[in-house]
Amino acid sequence: MALHSMRKARERWSFIRALHKGSAAAPALQKDSKKRVFSGIQPTGILHLGNYLGAIESWVRLQDEYDSVLYSIVDLHSITVPQDPAVLRQSILDMTAVLLACGINPEKSILFQQSQVSEHTQLSWILSCMVRLPRLQHLHQWKVHTRSCWGGSSPAHGTSSGSSTRFQQEVWGVLSSARVHSQYVCVGVFNLASMKKVKSLRDPSAKMSKSDPDKLATVRITDSPEEIVQKFRKAVTDFTSEVTYDPAGRAGVSNIVAVHAAVTGLSVEEVVRRSAGMNTARYKLAVADAVIEKFAPIKREIEKLKLDKDHLEKVLQIGSAKAKELAYTVCQEVKKLVGFL
Ligand SMILES: Nc1ncnc2c1ncn2[C@@H]1O[C@H](COP(=O)(O)OC(=O)[C@@H](N)Cc2c[nH]c3ccccc23)[C@@H](O)[C@H]1O
């Protein structure tokens, strides 16, 4: 037992040393330990088809595949852009209702609010003092978010775009790396092959996104059946009427085929086979129907859950307390290694 914890401490220490040195490859932390799943979602904006198929559906499945599963409503990340406090407060509860309605089960996983686990920001500060900027800029999540949230401006070049500051950009990266370098298995479209990347219905070269200014681009989980039909009807395809799957040559139709396969649980080949004889205009409506059918029970559950604010608050409080307990142990170890304790 003592040997085991000494080994773990050594691993953590070499990890911290590697961060200080900016080594290209910091050793993986606690490789031999029990695997833990960790992922998160921002509370702002309404959950969309991309979030659902690309993340939440898998989150639900992972609850049965791993013993230790944590899902975070990442409110700290959401304030890199201005938020109205009242709206943010409500969005956190709404996202809790949505996740529960999708099948996140607090008996099987820890669902918590990021800002309520103060160890997260403590660890982030410690890491931010140790990690070198070039190393941070190599992290995949960092690159993606610098591109998508800050229009590609890099803090290394000292630029700041939009309403975020260079300081925020750096802290964002460190907040993310606090989890990337934890003992967690981080879940995202990037590291689970089974996850699907859903494209915008208006521009199939772009990812479907909560913040897309084109309202027709994103199918939200709370959209009415009429809205869903309208969005699919207006979805960008091409001039070929046949339904085929060819992501490189026919990105628009292929995105719709992929959504169809994902919501029905059928293979891409099977949905293409079943659409034989249908033109893309009719096919889009068939896919809209499949999406409506998939979301209908979830929508009903969301409405029910939203009526019980106390329950939602309690779920988050219990989840955050459990997450804090886990984070406290890690944070104490890091504080010892740093010399605070
Ligand atoms: N069009 C799409 N197709 C497929 N998947 C998609 C699509 N759009 C979004 N996703 C996935 O949905 C999850 C939540 O997205 P967010 O933007 O809220 O949130 C994100 O993009 C997180 N990085 C937030 C985060 C911040 N800190 C964390 C710590 C751990 C894990 C996650 C986080 C994500 O899994 C995202 O990959």
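Counting convention: from 1, in listed order, for ligands and their atoms alike. FYI, side chains are in, hydrogens and waters are out, and symmetry mates aren't considered; it's all heavy atoms of this structure.
- Near K207, meaning under 4.0 Å from any of its heavy atoms, are these atoms of ligand 1: 1 (N), 2 (C), 7 (C), 8 (N), 9 (C).
- Under 4.0 Å from ligand 1, heavy atoms of N51 appear from its side chain as well as its backbone.
- Within ligand 1, counting atoms from 1 as listed, the ones closer than 4.0 Å to a heavy atom of A55 are 12 (O), 13 (C), 35 (O).
- Of all atoms in ligand 1, numbered sequentially from 1 with element shown, those under 4.0 Å from a heavy atom of F38 are 29 (C), 30 (C).
- For the atom pair CD1 (I41) and NE2 (H77), the distance works out to 13.0 Å, reported to the nearest 0.5 Å.
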> Can H120 and Q114 be said to form a side-chain hydrogen bond (donor to acceptor under 3.5 Å, both in side chains), step by step?
Replying inline: CA-CA 7 Å; H120 200 104; Q114 184 187 31; 3.2 Å; yes

> Hey, mind stepping through S115 and D75 against side-chain hydrogen bond (donor to acceptor under 3.5 Å, both in side chains) and telling me if it holds?
Replying inline: CA-CA 6 Å; S115 62; D75 52 358; 2.5 Å; yes

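- When M208, H77, Q42 are checked for heavy-atom proximity to atom 27 (N) of ligand 1, H77 turns out nearest.
- Contacts of Q114 with ligand 1, taken as heavy-atom pairs under 4.0 Å, are absent altogether.
- Ion pairing between E57 and K294 holds under the 4.0 Å rule for side-chain N and carboxylate O.
- No more than 12 heavy atoms of other residues, nucleotides or ligands lie within 6.0 Å of CD in E293, so this atom counts as exposed by the packing criterion.
- Backbone and side-chain nitrogen or oxygen atoms of G54 are examined, and none is located within less than 3.5 angstrom of a nitrogen or oxygen of ligand 1.
- By the 4.0 Å heavy-atom criterion, K199 is excluded from the residues contacting ligand 1.
- Within ligand 1, counting atoms from 1 as listed, the ones closer than 4.0 Å to a heavy atom of K197 are 3 (N), 4 (C).
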Sequence neighbours excluded and cut-off under 3.5 Å, please list the side-chain donor-acceptor pairs for residues 217-231, or say none.
| unit_1 | atom_1 | unit_2 | atom_2 | d |
| --- | --- | --- | --- | --- |
| T218 | OG1 | S209 | O | 2.9 |
| R220 | NH2 | K210 | O | 3.3 |
| D223 | OD2 | R220 | N | 2.9 |
| D223 | OD2 | K231 | NZ | 2.7 |
| S224 | OG | E226 | OE1 | 3.3 |
| S224 | OG | E227 | N | 3.1 |
| S224 | OG | E227 | OE1 | 3.3 |
| E227 | OE1 | S224 | N | 2.8 |
| K231 | NZ | K215 | O | 3.4 |
| K231 | NZ | T218 | O | 2.7 |

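- The number of heavy-atom neighbours closer than 6.0 Å to CD of E270, taken from other residues, nucleotides and ligands shown, is above 12.
- Not less than 6.0 angstrom separates the ring centroid of Y71 from the ring centroid of F112.
- The option from I41, N255, D212 that lies nearest to atom 14 (C) of ligand 1, judged by heavy atoms, is I41.
- Using a 3.5 Å distance cut-off with no hydrogens or angles, the side chains of S205 and D203 do pair a donor with an acceptor.
- Ligand 1 is approached by H48 to a heavy-atom distance shorter than 4.0 Å.
- Within the listing of ligand 1, atoms 18 (O) sit less than 4.0 angstrom from a heavy atom of K210.
- Heavy-atom contacts of V198 reach the following atoms of ligand 1: 1 (N), 2 (C), 3 (N), 4 (C) (cutoff under 4.0 Å).
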